Amino acid sequence: MSATNHSLAAEELFQVCDPQELDFETTEDLEQITSVVGQERAVEAMRFGLGIEDGGYNIFALGPSGLGKQSIMRRFFEEQAEEEPEPSDWCYVNNFKDSKKPKVIQLPAGVGAEFRQDMEELVKQFSTAMTAAFESEEYQSRRQAITEKTKEKQEEAFRKLQQKAKEKNVQLVRTPAGLVVAPVHDDEVLSQEELEQLSEEEREKLKSNVEEVQAELQEIMQQVPGWQSDVQEKIEGLNEEMANLAIGGLIDRLREKYADHPDVVQHLDNVQQDVVENAEDFLEGEQNASDLMAALQGGRGQRAQQRKGRIRKYKVNLIVDNSEAKKAPVIYEDNPTYQNLIGRIEHIAQMGALMTDFNLIEPGALHKANGGYLLLDARKVLLSPYAWDALKRALQAGKLRIESLRQSLGLISTVSLEPEPIPLDVKIGLFGDRLLYYLLHQLDPEFAELFKVEADFEEQMDWDSDNQGIYARLIATMVAENELMPFHSEAVARVIERSARMVGDSEKLSTAQKQIKDLLSEANYFASQSGNDMVTADDVQQALDARINRADRIRDRMHEMILRDTVLIDTEDAEVGQVNGLSVIPLSNFSFGRPTRITARVRMGKGEVVDIDREVELGGPIHSKGVLILSGFLGSRYAREKPLSLSASLVFEQSYSGMEGDSASSAELYALLSALSGKPLKQSLAVTGSVNQHGGVQAIGGVNEKIEGFYDICQARGLTGDQGVIIPRSNVKHLMLRRDVVQAVENGDFQVYAIESIDEGIEILTGEPAGERQEDGSYPEGTVNYLVEEALRALAEKRAQFGSDSNGKEES
Amino acid sequence: VNKEKRDLDIERILVALDASPHSVSALQAALKLAEQLQADLCGLFIEDVNIRKLADLPFAQEIGLFSVTRRRLNIQELSSQLSAKAGEMRRYFEITTEQASVRCTYREARGRVEMEVLAAAADADVVILGKGAWSPVDIGEVGPAVRRVISDLGISALVLQAGASLQPPVLSVYDGSEIARKGLQVAAALSGRDNGHLTVLILADDAREGRKYQQRAEELFGDSPLQISYLLLTASSIARLGDLVEQGRYGLVVIPAQSDEFDQEMVMGILDDVDIPVLLIKESANR
């Protein structure tokens, strides 16, 4: 079997997108695409999710970032929202029975704003009407009549008492805490000495007088609270009457206007009752400005605050205003914290304390999206403390209850509110990567109940002639939407080729719209830098090269180490038990391949293949699995009827970090076979591919990067024409190699071999026939397989001999 | 201001305080007046000597203002309460005069109220008193202590009750006397600089004399920017003065207290009857 049979032609290494097939000159000639491209499954899921109205049919769009999950879902939500009516307005108003539990009022869209405005006007009119009423001559006269009457009664009582006291040579004296009746002479209280100088009779007389006046004083003082209470009661009655007269008409007008909204009418009743009950609050002048203690405590500031408080409680807090809305809302909350989702209750500092009321209730995204759609990034929701639980709680209850997080966790004792919950009717669209979706599904039992629709986004789509046309239109749409210069058909073809390379498949195209859009923008930039009015294929290539150039510093350093023979990689001659394996190093947006020397050594043993990287825990489990398969292959092929008596060690030379994957298992096997057979392997070739127990070579990932990685080293050292890479045949369809690699292959300077079995590979690597088992069960003499089998037989015999010698010695 | 100050001869204002609401109003009015006339303000808190004597009396009992129960007076407790009251007033004086543009001083005294006020008034041009200060109960009349102060005081006094403030419009009584002329000058100064309104109540035996007095008053005011209106009250109707004041909704009444038309009893009657501040003008004995 000749190596030439496995050598791939240049056209097999790259799927060209022929601009001629695109059938347009520039993207301006193309009709923009309105449908979603390459996401039929996800689109169907979203249609289903949007169509079904039962609870729990919220949508989770899953897939890697860059597929346009958010924008596509938003588009579907917007389309659906267009067909749905604008939702209600929601207002919070004061609960006059319990201000800690504000009441909620639902009103048709637009009526909320009107109601708020009406209430503001009403409150303004209240002040005017109440002031007019309470400052009116009528009120003042009636009030004065009430107070004066009592005041006169009180003053008269004290006046008479003072007169009586004077007649009895005693006087009332005011102490800080009360009143004392004391004997006086010439308006001066008698001292104890002066009292003692009086006769017994005079003293007794004075004492009797003091007691008499004192008893009378006490009696009057006991009546004072009753008088004041009577006055207060009468004033309250008067205030109520005046307040009703002042505001009744104003409120009646609103009652009539909102007759169709019973909650509003009920609220207006409550407002009227409260204003009437607290009519005294509107009387600015009634505060005793000369009260020393009030003045010392800043009484004026307090009254100003009280006045503000009076007005605040009649306001309307319109938390959801849909007056401008024409359709159901579609909200995206980019910072879905607990409070941004379910709303918050703010506090204000007042006289050194934190205070709140219903006016400080702030809506969350769920309020704004109520009656419509809410888009959320699942990862962000999960990263925000308590946001996920709050979202689930709201969806499960179908109610939106605003609760301070600090309050619910018992972290704060400041007075807060318990607003009446709002019925919730919202469709949630979460988006996130697949791992997140499956973890939630597995670990959160409520998740499956609440997010019953999974919209699984594809990373790739088939590259056929139909899809190629659609893809070109998709590019044209992106160009137009992003206001880029038109793309020439050759540039579009280059983008399509790049799309295939992005998914590492010559038969597929990437659906990662974000990355394609970035490429378009970058190509547009280079075109504009060149002064072009159209983006060409060269601009696209320049963008691609520039992107690689920005990201390939580490690749350059690694290749440099190889070229300077710091890392030992041979690209010529042949060596026994040594082969060039290939690995891929993924960086942020850039992956590259690099060759690694793999060596094998064999000796007599108990049939074990030791992977040194595994022993030191540098190799991952899949890598170890690949190595263990080698033992299975060796045993089944070469030692079916005798013990596998070798001990082999395999190592990735100069590997200092962890590795994973089984793509080097075929290379390891070649090294082993070479070590056993003694046949040297060509160092001008590098190998990739996993192997199964039957010796079949299987597909691996990153085939393009691996080939390019080895090519770069060979090209730097000088291409000889012998150099090349052996890949699994099943990877041929994934080939979308760089143009320079394809060109080298076309020129015969570099080779890519596609194989299906280990035998094909070993023949290419050794230049010797592998050898097929003959009818007698043996391999043809001189073939690689024959030499391997012979070497294993020899090891088995030596081991058997060594064993019997040992036993004999032991017996002797 | 300096000219006004010179003309009015008011350089030092004494406000007598007792920590009652009457004193709070008195202090506010005193500060306003002092700033208007750029006069020094002296606050004098007087603790009535009678109060401490009560504790020594064998049968004196205090009736609590709120509890209305009787209890024996304890001198230590009483002292603490009196100190607290004095402290309260001191703090209030400090707060009130903190931003004042005139020099303000404060002192405390203990003794008979009229004696202490009269002694302090020796250095003052005007004394300001709360109508019901040092009164045992507020019955809307001038308290006994204030009544005694006014009787013996040789200088002008402003008397106002709790809750009242010093504000225009001003009514000034003019009976042609020199002291009434001084009253007009003070009233003009307190009526505001521009477009202020001053009512001059001419008190005369008849209309002819009234016109003469009005002419004198007009000469006195000259080209003053004030809006001045004149009312005539014959001397025989002087008892109606209180009603006139009440009906006119004035902010301040200025009365020439040493005039022949006003004896002590009449002055006290007016003070008892009216609820607005009354400035009693007397020829300063200290000048």
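Keep in mind the model is a prediction, meaning the values are calculated, not measured. Any value given below was found using the heavy atoms of this structure, including those in side chains, with hydrogens, waters and symmetry copies removed. Letters A, B, ... mirror the listed sequences (proteins, then strands); counts begin at 1.
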- Atom pair CG/CD of B/L54 and A/Q192 - distance to nearest 0.5 Å: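 Taking CG in B/L54 and CD in A/Q192, the distance rounds to 12.5 Å.
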- Item | From A/Q218 atom CD to B/Q61 atom CD, the distance as rounded to the nearest 0.5 Å |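 That separation rounds to 8.5 Å.
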- Task: Pick whichever of B/I63, B/D56, B/I51, B/V49 has the most heavy-atom pairs under 4.5 Å with chain A.
- Result: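 When all of B/I63, B/D56, B/I51, B/V49 are compared, B/I63 has the most.
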Over all atoms of both residues, closest heavy-atom pair of [X] and [Y]:
| X | Y | result |
| --- | --- | --- |
| A/M221 | B/V68 | CB-CG1, 3.6 Å |
| B/F59 | A/R203 | CE2-O, 4.5 Å |
| B/G140 | A/E155 | N-OE2, 3.7 Å |
| A/E137 | B/R249 | OE2-NH2, 3.8 Å |

- Task: Measure A/A165 against the heavy atoms of chain B and call it side chain, backbone, both or neither at under 4.5 Å.
- Result: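 No part of it gets close to chain B.
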- Query: Under a 4.5 Å heavy-atom cut-off, does chain B meet the side chain of A/L195, its backbone, both or neither?
  - Reply: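 For A/L195, the side chain is the part near chain B, not the backbone.
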Between [X] and chain A, which part of the residue has a heavy atom less than 4.5 Å away: side chain, backbone, both or neither?
| X | result |
| --- | --- |
| B/R71 | side chain |
| B/S23 | neither |
| B/T69 | backbone |

Pairwise side-chain contact, [X] with [Y], heavy-atom cut-off 4.5 Å (strictly under):
| X | Y | value |
| --- | --- | --- |
| B/L57 | A/V189 | yes |
| B/L78 | A/P176 | yes |
| B/P136 | A/F158 | no |
| B/D48 | A/R174 | no |
| B/V137 | A/Q162 | yes |

- Item | Options A/L217, A/V184, A/V173, ranked by heavy-atom pairs under 4.5 Å with chain B, top entry |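 With the most close heavy-atom pairs to chain B, the winner is A/V173.
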- Message: Any side-chain to backbone donor/acceptor pair from B/R112 onto A/E188? Under 3.5 Å, distance only.
- Response: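 Not at all, since once roles are kept as given, no pair shorter than 3.5 Å links the two residues.
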